[in-house]
Structures are given as C-alpha cells and as structure tokens.
Amino acid sequence: MRRMREEPRPMERAGEGTPFVIRRMTREDLPAVMELEKASFRNPWSFELLQRELNHDWSVIFLLEEPLPEGGRRLLGISIFWIVHDEVHVLNVATAPEHRRRGVGRRLMEATLAEGQARKCCLATLEVRRSNEPAIQLYKSFGFRQVGVRPNYYVGEGEAPEDAIVMVLDF
Ligand SMILES: CC(C)(COP(=O)(O)OP(=O)(O)OC[C@H]1O[C@@H](n2cnc3c(N)ncnc32)[C@H](O)[C@@H]1OP(=O)(O)O)[C@@H](O)C(=O)NCCC(=O)NCCS
C-alpha cells in the first residue's frame with residue numbers, strides 16, 4: 001500500500017474545452033462532498049464514512065472542479081475508488097445533477113482508470129444498480145463488461161431491493 005494523505009494534486013485535464021481540474025479530496029472538502037452525495041444518491045455515504053475513507057491508505061477520492069469567473073472553484077463531481085493489489089475497485093462516481101451530460105463523469109472515470117494504470121493495476125471492477133442506465137452506459141463506453149449479478153444487493157429503507165450488475169475492465 002502506498003501514498004497516504006498526500007497533498008492535493010491538481011491535474012489540469014487537457015482538451016475538450018472546459019478547464020476542469022481534478023484533485024484529491026481533503027478533510028476541508030467534506031461538507032461540499034456531503035452535499036454532492038446527498039444530491040446524487042438515494043442512500044448517500046455518511047459524513048463519518050467519508051471521513052474514514054480519507055484515512056484509508058488504499059482509498060482515493062478525486063474531486064472534479066470548475067474554475068469560476070469570479071474566482072474560486074465549484075465542485076461538479078467525485079470519484080471514490082480503492083486500489084487493492086493490482087485491482088481498481090470503483091465505489092462511487094457522481095456528478096452534481098445540474099451539471100450532468102457535460103463530460104464530468106467521463107473525465108472522472110478517465111482519471112480513475114489512469115491512476116489505476118499508473119499504479120500498475122491490471123483490471124478495474126465495480127457494481128452498479130441494474131436500473132442505473134446512465135452509469136452502465138458510462139462504464140460500457142470505457143469497455144467495462146458485465147461479468148455477474150449480485151441479487152438484491154442494494155437494500156434501502158422503504159424500497160424494493162435491487163440487483164447489482166458486476167462489471168470488469170481489463171487494462
Ligand atoms: C452516472 C453519472 C456519474 C454520469 O455522469 P455525467 O457527468 O452526466 O456523464 P458524462 O456527461 O461524462 O457522460 C459520459 C457518458 O455516460 C453515458 N451517460 C451519461 N448520462 C447518460 C444518460 N442519462 N443516459 C444514457 N447514457 C448516459 C453516455 O455514454 C455518456 O457519453 P455521451 O455523452 O458521449 O453519450 C451521473 O449520471 C450521476 O452522477 N448519476 C448519479 C450517481 C450514480 O448513479 N453514480 C453511479 C454509481 S455506480
């Protein structure tokens with residue numbers, strides 16, 4: 001395991017117009033990330049869970065931000081993944097609802113997979129709700145393929161359980 005709590009690492013993503021910036025999350029980002037989680041998921045990660053994640057050597061959290069004309073940056077998206085041995089496990093990718101279909105999810109996945117490749121991983125895995133067509137299409141566009149199903153994997157209060165589709169990408 002490597003690289004614990006390193007300094008934020010801005011990564012200017014070249015091309016395609018929008019000057020998105022991708023960097024690693026820090027403790028100071030927790031409130032903004034919580035907002036994004038709540039806006040994006042029926043069962044968002046809790047503050048405590050996110051906080052714990054920041055301490056895990058194997059966990060990486062990328063934030064994608066957009067510079068604002070008046071200065072500062074706005075958080076548009078997040079990607080949380082683990083690097084365990086030679087595998088990237090994508091846990092969470094989300095774009096703020098009002099900024100979807102602008103290429104944020106794609107940039108985050110590119111950065112996630114590039115980090116995995118830089119760390120000598122040879123495959124990426126993830127689970128996604130069977131009904132989550134936007135995410136499934138995003139993953140397929142990177143070459144992820146379905147390798148299995150976890151029946152009733154997502155169980156939320158007051159909602160019917162839902163299967164997870166297990167997807168894999170070989171680098
Ligand atoms: C899935 C999600 C991250 C996509 O983010 P996004 O920033 O809108 O995605 P992008 O604009 O980068 O789109 C990239 C590709 O994803 C796919 N896609 C995104 N939204 C889509 C939609 N509504 N329907 C079908 N395909 C979609 C397309 O293949 C798209 O490529 P294209 O624009 O060339 O057609 C976003 O919808 C989201 O945050 N959903 C809620 C959280 C979530 O469910 N995350 C996944 C958990 S496993």
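Just so it is clear, the values below take in all heavy atoms, side chains as well, and ignore hydrogens, waters and symmetry mates. Counting starts at 1 for both ligands and their atoms, in listed order.
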Exercise. Between Phe62 and Arg23, does a side-chain contact (heavy atoms from CB on, under 4.5 Å) hold up when you go through it step by step?
Worked result: CA-CA 6 Å; Phe62 279 157; Arg23 65 172 174 89; over 6 Å; no
For this session: Just do the side-chain contact (heavy atoms from CB on, under 4.5 Å) check on Glu87 and Phe81 with the steps written out, would you?
Result: CA-CA 10 Å; Glu87 185 177 324; Phe81 57 100; over 6 Å; no
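Looking only at protein heavy atoms, the nearest one to atom 18 (N) of ligand 1 is Pro134 O, 3.6 Å. Among protein heavy atoms, the minimum distance from atom 12 (O) of ligand 1 is reached at Arg106 N, 2.8 Å. Nearest protein heavy-atom contact of atom 37 (O) of ligand 1 is Arg100 CD, 3.5 Å. The protein atom (non-hydrogen) at minimum distance from atom 26 (N) of ligand 1 is Gln137 CB, 3.5 Å. In this structure, the protein non-hydrogen atom closest to atom 44 (O) of ligand 1 is Asn132 ND2, 2.6 Å. Remark: minimum distance from atom 45 (N) of ligand 1 to any protein heavy atom is reached at Val93 O, 2.7 Å.
Considering backbone and side-chain atoms alike, Gly105 places an N or O below 3.5 Å from some N or O of ligand 1. Every N/O-N/O distance between Phe41 and ligand 1 stays at or above 3.5 Å. Checked by distance only, ligand 1 and Val128 stay at 3.5 Å or farther apart across all their nitrogen or oxygen atoms. Checked against a 3.5 angstrom limit, the closest N/O atoms of Ser40 and ligand 1 fall outside it.
Under a hydrophobic-cluster definition in which Ile, Leu, Val, Met, Phe, Trp and Tyr are linked whenever side-chain heavy atoms come within less than 4.5 Å, directly or via other members, Tyr154 and Trp45 are assigned to different clusters.
Of all the heavy atoms of Tyr139, the ones lying under 4.0 Å from any atom of ligand 1 belong exclusively to the side chain. Contacts of Val104 with ligand 1, taken as heavy-atom pairs under 4.0 Å, involve both backbone and side chain. In Arg102, the part holding a heavy atom less than 4.0 Å from any atom of ligand 1 is the backbone.
Screening Arg102, His99, Arg73 for a side-chain hydrogen bond (donor to acceptor under 3.5 Å, both in side chains) with Glu66, the sole residue that qualifies is Arg102.
A donor-acceptor pair shorter than 3.5 Å cannot be found between the side chains of Glu162 and Tyr153. No side-chain donor from either of Asn43 and Glu157 sits under 3.5 Å from a side-chain acceptor of the other.
In this structure, Glu159 pairs ionically with Arg129, as a charged nitrogen and a carboxylate oxygen lie closer than 4.0 Å.
In this pair, His89 and Trp82 present their aromatic rings tilted. The plane angle is within the 30 to 60° band.
Counting heavy atoms only, Thr95 comes closest to atom 5 (O) of ligand 1 of the residues Thr95, Leu36, Leu126. Between atom 24 (N) of ligand 1 and the options Arg42, His99, Glu127, Arg101, the minimum heavy-atom separation is to Arg101.
Two residues are said to be in side-chain contact when any heavy atoms from C-beta on lie closer than 4.5 Å; Val60 and Thr112 fail this criterion. In this structure, the side chains of Phe41 and Leu36 stay at 4.5 Å or more apart for every pair of heavy atoms.
Taking a cut-off of under 4.0 Å to the non-hydrogen atoms of Ala135, the atoms of ligand 1 that pass are 1 (C), 46 (C). Which parts of ligand 1 touch Leu138 is read off a 4.0 Å heavy-atom cut-off, strictly below it: atoms 14 (C), 15 (C), 16 (O), 17 (C). Close approach of ligand 1 to Gly103 (heavy-atom distance below 4.0 Å) involves ligand atoms 10 (P), 11 (O), 12 (O).
Remark: Arg107 fails to qualify as a cation-pi partner of Phe20 under the 6.0 Å distance and 45° angle criteria applied to the six-membered ring.
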